[in-house]
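Taking it in order: structure first as structure tokens, then the write-up.
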Amino acid sequence: MKTLIKTLPKAELHLHIEGSLEPDLLFELARRNRIPLKYKSVEELKKAYKFNSLQDFSDIYYQGASVLLHENDFYDLTWAYLEKCAAQNVTHTEIMFDPQTHTERGVQFDAIVNGIYRATQDAEEKWGITSFLIMSFLRHLSEEEAFKTLEQSKMFQNKIKAVGLDSSEKGNPPSKFKNVFKAAVKMGYIPLAHAGEEGDADYIWEALDILKIERIDHGNNALQDPKLIEEIINRDIALTVCPLSNTSLKVVKKLKDHPLKKMMDLGLKVTINSDDPAYFGGQVNKNYEEIQKALNLTKEDIYQLVKNSFNYSLLKDTEKAERVAELAEVYYELEQ
Ligand code: HPA
Ligand code: ZN
């Protein structure tokens, strides 16, 4: 099973680049940029990676991101993630980034986008890994601030494919961002959002009906509402599920209780992703391995999940078909 998971070419659709910052690089960047850290060592820092909620995690995540200042920092961060993609046969990735986490600290918008984008271009040249960027608005901030970010992105539209919505969900419903999403869609961005991670099914309804999102990040709480499940299936929208994130943030008690298989059995289209791999205990392949063991998933289940990762990506239909055909070839060869 481990070989199957490792060998299949796959796409990762839910990944926060700031959440891929591993402790070693975090310390190196802190040293390089002369930023004092609360933690004396990598070990001490790792001990702080115990969360009870999304809010708990966010506090540490923003502290970690504070070592990122210059274009080269964003390049190094993204390159380190893409190296891991290459090692795991991730051949396509859709990378979220939170400009406001950085612009609030005085970092230049162009340093963020150019650093991330340049690394994705180099990875495409070196390994053939393709990437899209998703610019996410922080939902604990105001819609007005999201508008400022949207405005700043105008010069970089050729480098950004979609907009997203992340950070603390409860108390910050999708409807708060109605106007900025409308403007973003008008500019040509594809609308996506985190919904139903800690928020109830109502938040998913709002994300679908008000923000008109084309993919749901997490979406676990869709299971509270049979009508919503039916609606998501009818619209042929996928959920980007993140198993190790869900246990780390106590969205799910244990992996054995994870609703992934139930979602699949209901006919929901789900994909497996790492969310914030440096904080939640594993890259995307580890997420596949752990959830496979916990739920006793079959090879066919794994194949279906990987197929979904391409079919529900933001790639063009012709490209999706090619990627799925390549995947099928590898899968059937392994099955021989
Ligand atoms: N949820 C919401 N916001 C986030 C997450 C998440 O899982 N990761 C990084 N920002
Ligand atoms: Zn996320």
Quick test of your reading of the model: are [X] and [Y] salt-bridged, counting only N-O distances below 4.0 Å?
X    : Y    : value
K227 : E231 : no
K178 : E143 : no
E94  : R215 : yes
K320 : D317 : yes
E43  : K47  : no
D98  : R139 : no

Y62, F51, Y49 screened by ring pair (Phe, Tyr, Trp, His ring centres under 6.0 Å) with F57, the one that passes: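 For F57, the ring pair (Phe, Tyr, Trp, His ring centres under 6.0 Å) test succeeds with only one of Y62, F51, Y49, which is F51.
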
If Ile, Leu, Val, Met, Phe, Trp and Tyr residues are connected whenever their side-chain heavy atoms lie under 4.5 Å apart, and connections chain through other members, are [X] and [Y] in the same group?
X    : Y    : result
L68  : Y81  : yes
L315 : Y312 : no
Y288 : L13  : no
V251 : Y203 : no

Could you walk me through whether N273 and T271 pass the side-chain hydrogen bond (donor to acceptor under 3.5 Å, both in side chains) test, one step at a time? CA-CA 7 Å; N273 309 273; T271 64; 2.9 Å; yes

Before giving the answer on salt bridge (charged side-chain N to carboxylate O under 4.0 Å, His left out), spell out for E335 and K299 the whole-Å C-alpha distance, their side-chain angles and the decisive distance to 0.1 Å. CA-CA 9 Å; E335 287 299 277; K299 288 180 182 175; 3.6 Å; yes

Is it the case that over 12 heavy atoms from other parts of the model lie below 6.0 angstrom from the CD atom of Q108?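 Counting neighbours around CD of Q108, 12 or fewer heavy atoms of other residues, nucleotides or ligands fall under 6.0 Å, so no.
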
Just wondering, more than 12 heavy atoms not from K170 lying within 6.0 Å of its NZ?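 No - once you tally the heavy atoms of other residues, nucleotides and ligands closer than 6.0 Å, there are 12 at most.
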
With respect to L82, which candidate in T93, D122, I17 satisfies the side-chain contact (heavy atoms from CB on, under 4.5 Å) definition?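 Filter result, single survivor: T93.
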
Report the C-alpha separation of R32 and D73 in whole Å, then their side-chain angles, then the decisive distance to 0.1 Å, and conclude whether the salt bridge (charged side-chain N to carboxylate O under 4.0 Å, His left out) test is met. CA-CA 9 Å; R32 199 156 95 185; D73 304 339; 2.8 Å; yes

Test log, rule ring-ring contact (aromatic ring centres under 6.0 Å, His included), inputs Y75 and H70: CA-CA 9 Å; Y75 180 95; H70 309 294; over 10 Å; no

What orientation do Y303 and Y331 show, parallel under 30°, tilted 30 to 60°, or perpendicular over 60°?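 Y303 and Y331: parallel rings.
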
